[in-house]
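Before any comments, here is the structure.
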Amino acid sequence: MQRKIFIIIKVAGAIYTQTKFLNLTLGVVPLAVGKPLERKDARIKVKGEAQYNFDLSFSDEQYLAVVRSPFAHARIKKITVDNEKLEQLGVTVGLSKDIPGKNIVHVILDDWPLLAEEVVRHVGEPVAIIVGKSPTVAKSAFSAVHVEYEVLPAVFNPDEAKDHPTIQVFGDNNIISYWQQKNGDINKGFAEADVIIEGEYRTPAQEHAYIEPQGVIAVPLGRDEITIYGSMQCPFYVQRAVADILGYPWSKVTIVQTTTGGAFGGKEDQPNQLASLAALGAYLTRKPVKYLLTREEDIENTSKRHPAIIRVKTGATREGILQAVQVEYLMNSGAYSTLSPAVLYRGALHAAGPYKCPNVDVQAYAVATNLVPFGAFRGFGSPQVLFACEEQMDRIATKLGLDPTEFRQKNLLHKGDTTTFGQVVDHSVGMSETLKQAKEKSEWVQKWKPAPGFNQVIQESRKGKYLWEGIGVSTIFYGVGLGSAGKALSRTGSYVQLEPDGSVVFAVGTTEIGQGMITVLSQIVADELGVEYSKIRMAPVDTSRVPDSGPTVASRSTTFSGRALQDACKKIRTLMYEIIAPHLETIPSDLQLEGNYIISKETKRKIMVDDAIKIMYQERGQVAMAGWDVAPPTDFDNEKGQGNPYVTYAWATNIVEVAVDVQTGTVHIKKIWAAHDVGKAINPQTLEGQIEGGSLQGMGLGRFEEIVFTPEGQVMSNNLGTFLVPTTKDTPSIHSIIVEDPWKQGPYGAKGFGEQPLMGVAPAVTNAIFNAIGVRISEIPATPERVWKAIQDKVQEEAI
Amino acid sequence: MKIEIFINGIFYQKDVPPDHRLLDFLREDLGMKGTKKGCDQGECGACSVILNGKVVNSCLIMMVQLPEHSEVETIESTDSMVLSLQDSFVKRGATQCGACTPGMIMATTALLRNKPKTNDREVREELSGVICRCTGYQKIFDAIKDTQEHLERG
Ligand code: FES
Ligand code: FES
């Protein structure tokens with residue numbers, strides 16, 4: 001007998017509702033999926049026992065220091081090495097000519113040298129490596145490597161860099177990549193619109209500020225093998241990069257991920273370079289070489305979120321129906337292409353938002369400049385355009401005199417609708433549900449009223465009313481997985497092994513970076529095999545254990561490693577039924593898994609999985625299976641600007657309440673409601689952790705975080721005292737709302753969403769600022785200076 | 001330089017290089033790697049330990065500055081407050097990547113010892129020196145409340 005029961009679990013203040021079928025005939029069945037089970041890695045982490053890159057040691061280990069360019073753009077005229085001094089110090093120096101393989105760090109387009117040969121294109125570009133027995137010794141040899149430069153003119157702004165007549169950073173026009181989205185006829189769309197709004201928006205370089213700085217250790221094995229240990233998201237990227245640099249066969253390069261203290265995209269492609277530098281050091285010295293970055297080195301020289309300029313023109317009818325959206329997206333890519341083509345792809349496709357709109361024209365460019373290469377950061381090119389898009393939506397709603405949630409509701413995608421790039425979203429479309437729930441929980445209807453007139457704000461502030469409250473909203477979506485641009489990487493492997501005592505060890509190629517992957521995948525394996533969660537263990541990620549499973553990015557680990565594990569577990573079940581059938585006096589096809597039992601559908605005779613595993617071991621020996629998954633097909637035609645670029649979409653609504661001090665421009669963020677359609681919450685607690693942490697990073701982007709460069713292109717805010725991230729004092733209360741509209745092809749209906757919590761908070765903040773004081777913010781973060789200036793500009797403009 | 005010091009109640013007498021900070025002493029001289037680090041310059045709080053009853057950034061304390069027979073408490077402590085917080089952090093999912101966690105737990109230990117009934121506002125004030133980039137702090141606040149309740153019940 002099956003009974004449908006409705007369970008309400010209260011996890012950390014957020015209401016999480018779930019409908020679940022429990023089979024009550026079997027008594028207590030501890031199913032793992034859907035439960036807020038304890039994180040697998042929590043115990044060692046709270047004790048300080050987890051080993052991060054800086055906790056590891058190897059005998060006779062050496063340290064790496066990197067000689068970097070002080071100039072944003074310069075020709076290397078000569079490099080002189082003081083060999084006598086090197087000998088005195090006992091250090092080894094490596095230049096580009098010492099690289100045994102190719103002097104290219106492979107990411108996508110192969111333009112990124114490991115060590116500069118003729119030209120340096122950004123401040124901090126590596127020119128030489130030094131290996132010594134301590135970081136101090138290695139750094140003391142900087143004076144022994146003399147590089148003579150001829151300084152060249154540099155360009156830092158993508159508007160100037162695009163098609164620059166004389167400064168060439170990449171190719172002949174500095175355009176690294178171009179994507180477009182096209183729908184209908186944009187001119188016709190504007191002609192039929194009753195209101196048109198135009199805006200220009202700017203977003204900053206944002207540093208990931210993971211608490212564990214980047215670091216890797218290269219350990220040579222004999223003369224032609226190497227193992228890299230380190231903090232990273234994508235071990236298979238690193239394997240390929242190191243093999244190319246050293247000219248080793250891939251089989252002789254092993255990458256082992258160590259406990260990674262935060263990543264957020266920052267440890268996607270960057271470890272390719274860092275591991276290659278350390279590997280070169282290990283190759284030259286035949287000793288283990290550590291490259292552990294200091295916080296300054298890390299902020300100055302590793303990737304960040306692309307700063308961007310976004311120009312948008314939006315048209316709608318009087319009734320509030322979108323007619324036309326035109327976007328120009330200029331992404332500042334820095335000096336090398338690294339991940340920019342992929343980042344831009346996602347940005348271009350998210351630029352018109354989760355709306356229906358018959359006429360769309362998005363033109364997106366990744367432009368090379370003489371800044372440090374920008375790369376992946378949670379949201380991957382989409383937070384920039386979503387900020388612009390959601391500001392525009394709000395401005396139109398204001399112009400039409402509509403409640404911004406109602407205006408959005410008229411245009412949001414529903415089940416069966418077609419996206420602006422031509423994909424029919426046929427199921428798992430919880431968009432409106434997130435809006436509905438976020439509105440309810442935040443009491444939007446009671447709280448929202450049109451923004452006060454700016455005149456009124458100023459007059460009253462002159463009489464002493466400085467603090468003004470407001471509420472703002474954004475509605476966004478997220479294409480799950482790598483999509484068609486990353487098709488070749490959209491495959492995952494897995495390995496599942498039953499131990500003779502009934503416990504299980506599994507391996508995958510995606511990584512735990514704090515997001516909770518080990519836990520969630522263990523829950524999936526537990527239910528797929530009917531083994532208790534406590535008996536499941538994930539092995540450390542090692543490139544020699546499973547086939548290339550692509551990167552840990554694009555919110556894909558739960559979904560796609562989950563699918564690969566389901567594949568392996570299915571094979572194990574098949575074998576299990578074969579072996580167990582005679583014991584239950586039936587045939588394999590009559591057997592099925594129910595909780596921790598294998599049960600005959602016919603006779604209801606059953607056996608505990610734990611016992612079945614022991615029988616399998618006796619009769620068959622140890623059982624292990626490999627799993628494989630290829631993501632469902634995707635396609636996108638850049639000529640037409642149309643296609644089915646992602647397998648499915650996650651959806652979200654953010655509502656933010658602020659209080660703005662008009663005297664100082666300070667914005668206090670009081671509350672955030674974050675409603676996310678995730679398909680299925682495999683672990684509601686870790687999922688809430690993703691929502692809360694991502695929301696705070698999104699708030700950081702909207703309100704605090706900005707990497708500032710000097711006019712010479714050097715990172716100025718190079719520590720955590722000048723690059724400010726939200727602290728306990730700044731964090732508002734964050735209310736997570738989980739919506740589950742299952743995706744049929746996801747494990748238990750789950751679809752990836754880990755990036756989404758960051759993506760829509762910034763525009764909800766700026767929209768709330770408008771709602772409080774009647775001033776629009778076009779550039780984030782909304783720091784006190786920026787808000788204050790926007791207020792003063794408007795006072796001037798309106799002559800109040 | 002000879003140092004006499006108590007770490008988690010255990011007496012140590014050691015020769016320490018004069019340029020070593022408390023963080024280096026713990027991690028390198030004693031090999032106690034539970035204390036983590038994120039910046040080496042007093043900005044992230046990951047290296048927080050309790051020194052003579054007060055939470056400090058161990059990366060900023062030079063060993064030569066320490067008063068003789070100082071008492072240091074680290075995440076390796078088996079004190080009941082530390083254990084209780086560790087337990088609540090696990091149950092509430094208050095650790096993600098974990099790099100901030102030892103520092104966060106030590107900073108909270110110092111706070112709860114001084115003010116067992118501390119409120120939300122004070123918690124936010126007192127812990128603002130420890131940055132967590134993963135959790136958004138909500139579950140850390142929940143874990144602290146749980147520990148407070150637990151301690152109240154005895
Ligand atoms: S490592 Fe000491 S405060 Fe960051
Ligand atoms: S758990 Fe990652 S920094 Fe706090």
Side-chain angles (χ1 to χ4, degrees), chain A residues 11-13 36 38-39 41-52 54-55 208-213 259-264 294-296 512-516 672 683 685-686 688-697 699-700 719-721 725-731 733-734 736 757, chain B residues 19 27-28 31-46 74-76 82-83 85-107 120-121 123-143:
Chain A
V11 190
E38 183 178 306
R39 280 181 73 111
D41 51 355
R43 297 264 162 207
I44 60 161
K45 284 178 171 172
V46 299
K47 295 255 173 229
E49 288 164 4
Q51 306 260 307
Y52 299 87
F54 46 62
D55 293 324
H208 309 84
Y210 27 69
I211 292 303
E212 175 212 36
T259 309
T260 296
F264 317 114
T294 64
R295 178 60 63 184
E296 289 78 0
E512 171 69 54
I513 47 177
Q515 82 281 47
I672 298 178
N683 184 322
Q685 190 187 60
T686 57
E688 277 181 16
Q690 287 300 291
I691 296 182
E692 292 160 2
S695 297
L696 196 64
Q697 282 178 345
M699 182 189 120
N719 55 43
L720 296 173
V725 302
T727 68
T728 46
K729 264 202 277 193
D730 310 306
T731 187
S733 54
I734 302 170
S736 313
Chain B
D19 64 338
R27 290 179 51 89
E28 290 169 32
M32 292 170 64
K33 303 270 174 107
T35 304
K36 304 302 179 193
K37 55 185 192 148
C39 71
D40 280 301
Q41 50 184 219
E43 281 156 3
C44 73
T74 70
I75 195 68
E76 287 92 350
V82 176
L83 297 182
L85 275 167
Q86 287 172 331
D87 211 45
S88 304
F89 267 60
V90 170
K91 294 206 171 108
R92 283 298 192 154
T95 181
Q96 289 188 20
C97 84
C100 73
T101 309
M104 192 66 88
I105 287 177
M106 293 323 288
D120 186 57
R121 198 181 45 77
V123 166
R124 286 165 181 266
E125 197 65 40
E126 298 281 327
L127 295 185
S128 64
V130 188
I131 296 172
C132 175
R133 191 55 161 163
C134 299
T135 63
Y137 305 107
Q138 310 292 312
K139 302 220 177 301
I140 294 173
F141 299 151
D142 294 339

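Keep in mind the model is a prediction, meaning the values are calculated, not measured. Proteins get letters first, then strands, A, B, ... in listed order; numbering begins at 1 in each.
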Residue part contacting chain A, namely of [X], when any heavy atom lies under 4.5 Å:
{"X": "B/Q41", "answer": "side chain"}
{"X": "B/R27", "answer": "side chain"}
{"X": "B/L83", "answer": "side chain"}
{"X": "B/T101", "answer": "side chain"}

Are any of the side-chain heavy atoms of A/Q697 and B/R133 separated by less than 4.5 Å?
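Sidechains of B/R133 and A/Q697: in contact.
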
B/F141 side chain near A/S733 side chain, heavy-atom distance below 4.5 Å:
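Heavy-atom side-chain distance check fails, nothing below 4.5 Å.
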
Name the option with the most non-hydrogen atom pairs under 4.5 Å to chain B; the candidates are [options].
{"options": "A/V725, A/T727, A/T294", "result": "A/T727"}
{"options": "A/A263, A/A42, A/G262", "result": "A/A42"}
{"options": "A/Q690, A/M699, A/E296, A/Q51", "result": "A/E296"}

Is the shortest side-chain N to carboxylate O distance from [X] to [Y] below 4.0 Å?
{"X": "A/D55", "Y": "B/K37", "result": "no"}
{"X": "B/K91", "Y": "A/E38", "result": "no"}
{"X": "A/K729", "Y": "B/E125", "result": "yes"}

Less than 3.5 Å apart, any donor N or O on the side chain of B/T135 or A/E692 sitting next to an acceptor on the other?
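Note: B/T135 and A/E692 side chains miss the donor-acceptor criterion.
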
Please walk me through it: do B/K139 and A/E688 pass salt bridge (Lys or Arg N to Asp or Glu O under 4.0 Å)?
CA-CA 9 Å; B/K139 302 220 177 301; A/E688 277 181 16; 2.6 Å; yes

Non-hydrogen atoms of chain B under 4.5 Å away: do they reach the side chain of [X], the backbone, both or neither?
{"X": "A/P726", "answer": "both"}
{"X": "A/I211", "answer": "both"}
{"X": "A/A50", "answer": "backbone"}
{"X": "A/I734", "answer": "both"}

Interatomic spacing from [atom1] in [X] to [atom2] in [Y] - rounded to 0.5 Å:
{"X": "B/C97", "Y": "A/E512", "atom1": "SG", "atom2": "CD", "result": "9.5 Å"}
{"X": "A/L696", "Y": "B/C134", "atom1": "CG", "atom2": "SG", "result": "11.0 Å"}
{"X": "B/D40", "Y": "A/F54", "atom1": "CG", "atom2": "CZ", "result": "9.0 Å"}
{"X": "A/K45", "Y": "B/I105", "atom1": "NZ", "atom2": "CD1", "result": "12.5 Å"}
{"X": "A/D41", "Y": "B/T95", "atom1": "CG", "atom2": "OG1", "result": "7.0 Å"}

Could you walk me through whether A/T731 and B/Q138 pass the side chain to side chain donor-acceptor pair (under 3.5 Å) check?
CA-CA 8 Å; A/T731 187; B/Q138 310 292 312; 3.3 Å; yes

Looking at [X] and [Y], would you say the former's side chain and the latter's main chain have a donor-acceptor pair under 3.5 Å?
{"X": "B/Q86", "Y": "A/V46", "answer": "yes"}
{"X": "A/Y52", "Y": "B/A99", "answer": "yes"}
{"X": "B/Q96", "Y": "A/G516", "answer": "no"}
{"X": "B/E43", "Y": "A/L720", "answer": "yes"}

Do you know the tightest heavy-atom contact between A/P213 and B/G38?
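Looking at all heavy atoms of both residues, the shortest contact is CG-O, 3.7 Å.
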
So A/K47 and B/V82, side-chain contact (heavy atoms from CB on, under 4.5 Å) or not? Walk me through it.
CA-CA 9 Å; A/K47 295 255 173 229; B/V82 176; over 6 Å; no

